[in-house]
Engineer: 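There's a structure below that I have some questions on.
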Amino acid sequence: RTDSAYLVFEGVEYFELSPFDYQNVIFETAEYGIGDVPEALVADYPWLANYSYLPDLKVFSIVSSVGMQGVIVFKSIIKE
């Protein structure tokens, strides 16, 4: 059985995602407040520091071994 859901990001300010591929192995997804982004993630995506002055923004990260991975800077998220 596979559980699935659609995630709708509202107020997207910026995103950087690698291509969705034929094979995708996603290890982890995480959501952070813009001031709580781990230093390791900022090291991988240094442009995240440009948004630190906007406290209402959040960051969603996708970590994978194969396929799509990256981050999205947004205001709110809806799970459908």
Side-chain angles (χ1 to χ4, degrees):
R1 178 183 159 190
T2 302
D3 291 330
S4 62
Y6 290 98
L7 299 178
V8 178
F9 295 90
E10 297 183 315
V12 172
E13 292 284 329
Y14 194 82
F15 65 91
E16 182 176 323
L17 298 171
S18 62
F20 193 78
D21 211 340
Y22 291 109
Q23 182 179 6
N24 296 277
V25 179
I26 296 174
F27 285 130
E28 176 182 65
T29 61
E31 181 179 334
Y32 305 100
I34 197 70
D36 300 323
V37 178
E39 289 182 26
L41 195 58
V42 175
D44 289 341
Y45 303 96
W47 53 263
L48 284 171
N50 297 335
Y51 295 94
S52 62
Y53 69 95
L54 298 168
D56 294 338
L57 293 180
K58 299 177 183 176
V59 175
F60 189 85
S61 73
I62 302 168
V63 179
S64 69
S65 65
V66 177
M68 186 178 72
Q69 64 181 2
V71 295
I72 303 167
V73 178
F74 66 99
K75 290 185 181 176
S76 63
I77 190 170
I78 300 170
K79 182 178 178 181
E80 296 181 345

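All values reported here derive from a predicted model rather than from experimental measurement. The first residue in the sequence is number 1, and the count goes up from there.
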Engineer: Side chains of Ser76 and Glu10: do they bring a donor and an acceptor to under 3.5 Å?
Structural biologist: yes
Engineer: Within this structure, what is the CD-CG distance for the pair Glu13 and Leu57, rounded to the nearest 0.5 Å?
Structural biologist: 5.0 Å
Engineer: Would Phe60 end up clustered with Val73 when hydrophobic side chains under 4.5 Å apart are linked, directly or stepwise?
Structural biologist: no
Engineer: When rounded to the nearest 0.5 angstrom, what distance separates CD in Glu31 from OG in Ser61?
Structural biologist: 10.0 Å
Engineer: Hydrophobic clustering (ILVMFWY, side-chain heavy atoms < 4.5 Å, transitive) - are Met68 and Val12 grouped together?
Structural biologist: yes
Engineer: Cluster question for you: counting only ILVMFWY and a side-chain heavy-atom cut-off of under 4.5 Å, with indirect links fine, are Phe9 and Leu54 together?
Structural biologist: no
Engineer: With Val59, which of Val71, Ile72, Val42, Asp36 fulfils side-chain contact (heavy atoms from CB on, under 4.5 Å)?
Structural biologist: Val71
Engineer: Got a second to check how far Tyr14's OH is from Asn50's CG, nearest 0.5 Å?
Structural biologist: 9.5 Å
Engineer: For the residue pair Ser64 and Val25, establish whether any side-chain heavy-atom pair is separated by less than 4.5 Å.
Structural biologist: no
Engineer: Out of curiosity, Leu17 CG to Gln69 CD, how far, rounded to the nearest 0.5 Å?
Structural biologist: 9.5 Å
Engineer: Would you kindly confirm whether Tyr53 and Ile34 end up in one hydrophobic cluster when ILVMFWY residues are joined by side chain heavy atoms under 4.5 Å apart?
Structural biologist: yes
Engineer: Going only through I, L, V, M, F, W and Y residues with side-chain contacts under 4.5 Å, is there a path from Val37 to Trp47?
Structural biologist: yes
